[in-house]
Amino acid sequence: MSDPLRFLGVTKSFPRGHGRVEALRDLDFALSPGRITGLLGPDGAGKTTLMRLAAGLLWPDQGEVQVLGLDTRREASRIQAQIGYMPQRFGLYEDLTVQENLDLHAGLQGLSEVTRRERQQALLTLTALGPFGKRRAGALSGGMKQKLGLACALLRAPRVLLLDEPTVGVDPIARRELWRIIEQLKQEGATVLMSTAYFDEAERCDEIVLLHGGQVLGRDTPAAFRAPLEGRTYLVQEEALGRRKLQDRLQQRPQIQDARILAQGVRVLTADARPHPEGAEEWRAVGATFEDAFVARLGEATSARPVIAAPSPAAAAPPPIDSIIEVHELRRFFGDFEAVAGIGFEVKKGQVFGLLGANGAGKTTTFRMLCGLLPASSGTLRVAGVDMRHARAAARARIGYVSQRFSLYGNLSGAQNLAFFSSAYGLRGGKRRERLAWAIDEFQLGEYRDTNADDLPLGIKQRLALACALLHEPPILFLDEPTSGVDPLARREFWQRVNSLAQSGVTVLITTHFMDEAEYCDQLVLMSLGEVLAHGSPQDIRASARDEAHPDPSMDDAFIRLIEAHERQMRRAS
Amino acid sequence: MNAQRVKHLIRKEFIQIVRDPSAIAIAFVMPVLLLFLFGYGVSLDAKHVPVAVVVDHPTADTSAFVGGLQQSPYFTPTLYPSIHAARQALMQRRAAGILWLRSDFSRKLAQGASAPVAAEVNGVDANNARIVEGYLEGMWQNWLARRAVDQASSRAFPIRADPRIWFNPALRSRDYLVPGLIAVIMTLIGALLTALVVAREWERGTMEALMATPATMGEIIVGKLVPYFLMGIGGMLLSVALAVWLFTVPLVGSFWVMLLLSALFLLAALGMGLLISSAARNQFAAAQIAIIVTFLPAFILSGFIFDIRSMPVPIRLLTHLIAARYFVAILQTIFLAGDIWPILLKNGLALGLMAVFFLGVTALRSKKRLD
Amino acid sequence: MWTRIWALVVKEFLALLRDKKSRVVLIGPPLIQLLVFGYAATFDLNHIPYAVYNEDQGQAARELLAGFRGSANFQQVATLAANRQIAPIINDERALFVIHIGPHFDRDLLLHRSAPVQVIVDGRDSNTASVALNYVNSILLGFDRRWAAEHHWGVPPARMVVRAWFNPNLLSRWFIVPGIVALLMLVVTLLVTGLSVAREREQGTFDQLLVTPMTPAEILAGKALPGLITGALEGAFIAVMAVLWFKVPFVASVLPLAIGMLLFLLAAIGVGLMISSLAVTQQQGLLGAFLFLVPSIILSGFATPIGNMPVIVQELTYANPMRYFLVIVRGVFLEGDTLANLWPQYWPLALIAFLSMTAAAWLFRHRMA
């Protein structure tokens, strides 16, 4: 039997500006049948191009792509009848119902009436979408959309399944369900190729292809990736010192390749297989994970690891109050729908404060009210000592805001975006020049000065957006899902910046649906259906989900248990 | 072509149309609105033209002359005491023309020495001025004829012009403007309906999902074309019904011939929309191009209001690229003159060629690939 | 405050001009349209095809037909030999009209009897038909006058002398080309402003703008200036082209025109920004701009006089900024209007500008997606 998917010396480039950019270079590899292969790599590594080549939607410039022994150039339609492909943006018709979307794809796949009904029944059960058959796809939550997209790709029981980041932007519950479906398919004998940004998902794959700069950097089982790192990973604790300060200190040392905050302390990857305790630090050896391997491998590939400079000069001194943000009984209605249902919390100066929740939990609505973009229906809302219901303009000068999609002017260059926002915030003269120079330097934007924002990789865009929001040295920074879609390396670099900002006294409010990122926050609010489910430090929240069966729950577990408990409660109440 | 797949694609498109009222608005509300607005708003027939009348020395003869003006439905005369005041009124746009009988009018008339009548019109709107001028001269000639009868003199003009106006004897401008309007409106609708739908699929990522299925590009295009074609025909029928029953434009030719040729035109217009849409790949650019290449050219270069025969040669050649031009000729002929085959065949053939061209290029351009 | 507005203006221009496509859209179509429409949009008749069916070989008939051949408006395409040839040539639009001279034309004239000339006209395009009839009439009248003088028919008791003010030769180009100035200014301004807010809303940058200390008035100014500058530049250019290229006279002074342009642009920008801040998506913005544009052009007096419209429609046109500006441009180009003359046109424009801009500024913050 032929390989399910084989790349033979494939090169693919795209025109950009006057030249061409190579997305994939001389790629050679084959998938093993009946296995789940994870495709990992930083942004711009060529993951999506690879997926599209495999689906026959792009033709290679050189080389050959074979799917089930068929060449994608000559026999695309025969291939497309045998594979399932789920693009990154679900590809659902949002104004069609769940059932209509399934019917359309069944019709396009040429299923007979009988198989269609059987297959749809099976998939609706598998995805638990049965009760939502009549709902429009546009009205589904992000996780449900992904499941529906997957169901559409699975109608014909494909022999090869191509999934492009199927779990991005999906909450832990939906991710867990998606994985159940994928594993069931594997048992049915399908070959799965999926790209992902989650390391815990990578661990569950049978095999991993690590892509970097359009080339395969490594291809092995997760265990084999981890093996060379055994003995190089430690958990460091120091009672007297906060995790953030500790991480900061550890990162300065040349022997330490990587340091990231975990629930219990700081996790360290050393360059040599030795602990380097200093002072009162307590080092404990722990098992290596794929994330360590990823960082190590890419660290070798990209020679220079960005060094985050010491905290920027003290931000403009905030008014001497302890609570810089106060929210009480905040409500917001959209028509009859209560998007935010009487929530309340306080944020202290210099904290990193996280807003967690699934899509549609009311995070973004809360956020927009805090920034003064949306008036509250009722309740009190004080930001930097100013009542946001009355004096929004006064508060606006003291906040920085980075929106979900890193809203930059796409056809303006990096430097022009910075120049515009500096003036929009009223900077001028020497001060303006100084801040612009600071932004370029601090965020390493030098080489992207003249590139249009639209053409920047997502990670750089994120940096640029953050730089724009910090030009006027705001004491409060609002970050709305700043890491969604950004690759793992850029994410951790981003968090280092946030940490150093917090240390310099800037208060940071952040929403995220990456549960591991919740660990970086000092305080958390977990939201669901417009209400606050839990409030406290990451440890508190994890502790609240602890029972005999789960003595040491992860943030994922805590999230799932709290939401499930809440939904049970809601159901009982109704 | 796989019938089942096409059927499903068409069904999907129809569900989307029903769910998204904007397509229905474009196909049915827009023609009604535009026809109403323009059918009533656009007219070249000057009526109740305000005319300033100055009579320096009123006599029975001058009253007889001015009387003709007062009875005419074309004029609303106002008496002014002096030519100065009348000219003031003309400057201030209160009057569109002046009729001036000087003090010696009656005297010269009595002497048989050809009394002068001075008429002055505001020439800014040249077309309107020419029409007003024509009306005034007509009134003068009527007066002459009446006077000849009254005085039993045979001093008529040597030539008796005997105009026979075919197809539209009353020269009602609405009768020719409304069929032209239908053509302009259908051009807009055809392009807007399709220009956005393919671009929308690209933008929302659904095109990528469609391409990864076994559906061929031809099937996808047919799946787009059929629903909007039917909607376009619906809009067309609605417009024709309005033209006939509301604007009382006579429909001399055959309804079925018109329907057939409208179908050809719609294919060309939808084909152009699809081409724009698949070339632009985003709704914004598609709509911008659609508006630039449809509305103003259809308005000015189609012969709907400005006669193509009077344009300079290069521009006349250019008008051949505009589908609306052929459709305007077809509709004006079928509505007012009947099934005149040489014209219908010639223009129908041109529309057919355009439809084949646009749909063909769209089909050729649409590879089932993303780059 | 000025720094912020200036920054926004610079940003808007960069956003407009850095993109090749939008540069082309902004500059190409107006120029092409000016040239094409300037030549195409005319009500004057040139080289209109006609046919002759002459059954009389006499001197008078030949003399009459010579008058038609000498006219630049007409072009003889056929000589018919039988009555049955008339219908096909008109039906197929090969000739707009046929002049039919009967067999006794000469004899009648020599006997001092009124001789009939039949003119069969294609009335499908009623405007062309009536204009053509006017031309035919004046050629016939010219022949009449000459014949009457030469053959002692005496003079008619009264003669009418028509003089056209401002446009003595009644050239429609003088009327249409200044109208194109208004037309293209409106289109360009709407293209620049009609989508600017909607696009930022869709891309999320409008939120980013709203969290800066900028006030709605500053955003309004920053958004309006680029439209004003592009509109004014293109307007001025087209006006110069109208004079230099199309040879339209420019009677009055520049100031009344400049003030009119300014007010018209402000009104158009106000409407554009209002549409654009009402719209949540670019598509809605575009549809809105379009639904405003089409009636504005048709009901402005650009091609057909407002005076011919039913009263209700005429009242509707008072809300149309283009209506006022058309009077201003034509008044300045052809009639020599002064500031005082044009006051009735200025203040409604200013009012529309004020109302629409206020609405737009309010909508910036109160329209939530």
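Lettering follows sequence order; numbering is per chain, from 1. All values below come from the heavy atoms of this structure, side chains included, with hydrogens, waters and symmetry mates left out. Here the structure is a predicted model, which is why all the values come from computation and not from measurement.
With a threshold of 4.5 angstrom between heavy atoms, B:Leu9 approaches chain A through its backbone and through its side chain. Interface remark: A:Leu111 contributes backbone atoms only to the contact with chain B (heavy atom separation under 4.5 Å).
B:Lys12 contributes atom NZ, which lies 9.0 Å from atom CG of A:Asp95 (distance to the nearest 0.5 angstrom). Between B:Ile15 atom CD1 and A:Leu104 atom CG the span is 8.5 Å, to the nearest 0.5 Å. For the atom pair OH (A:Tyr93) and CD (B:Gln16), the distance works out to 6.0 Å, reported to the nearest 0.5 Å.
With salt bridges taken as basic N to acidic carboxylate O contacts below 4.0 Å, none links A:Glu94 and B:Arg19. Using a 4.0 Å cut-off between charged side-chain N and carboxylate O, A:Asp103 and B:Arg11 make a salt bridge.
With sequence neighbours excluded, no residue forms a side chain to side chain donor-acceptor pair (under 3.5 Å) with A:Glu188. Remark: A:Arg73 pairs with no residue by the side chain to side chain donor-acceptor pair (under 3.5 Å) rule, at least two apart or across chains.
At least one side-chain heavy atom of A:Leu108 sits under 4.5 Å from a side-chain heavy atom of B:Leu210.
For the salt bridge (Lys or Arg N to Asp or Glu O under 4.0 Å) condition, no pair includes a residue of residues 132-144 of chain A, sequence neighbours left out.
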Exercise for the section: Carefully, step by step, assess B:Thr206 and A:Leu92 under the rule side chain to side chain contact (heavy atoms under 4.5 Å, CB included). Expected result: CA-CA 6 Å; B:Thr206 47; A:Leu92 294 175; 5.8 Å; no
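Identified by a heavy-atom distance below 4.5 Å to chain A, the contributing residues of residues 211-231 of chain B are B:Met211, B:Ala212, B:Thr213, B:Pro214, B:Ala215, in residue-number order.
Taking all atoms of both residues into account, the shortest heavy-atom contact from A:Gly107 to B:Arg5 is O-CG, 3.5 Å.
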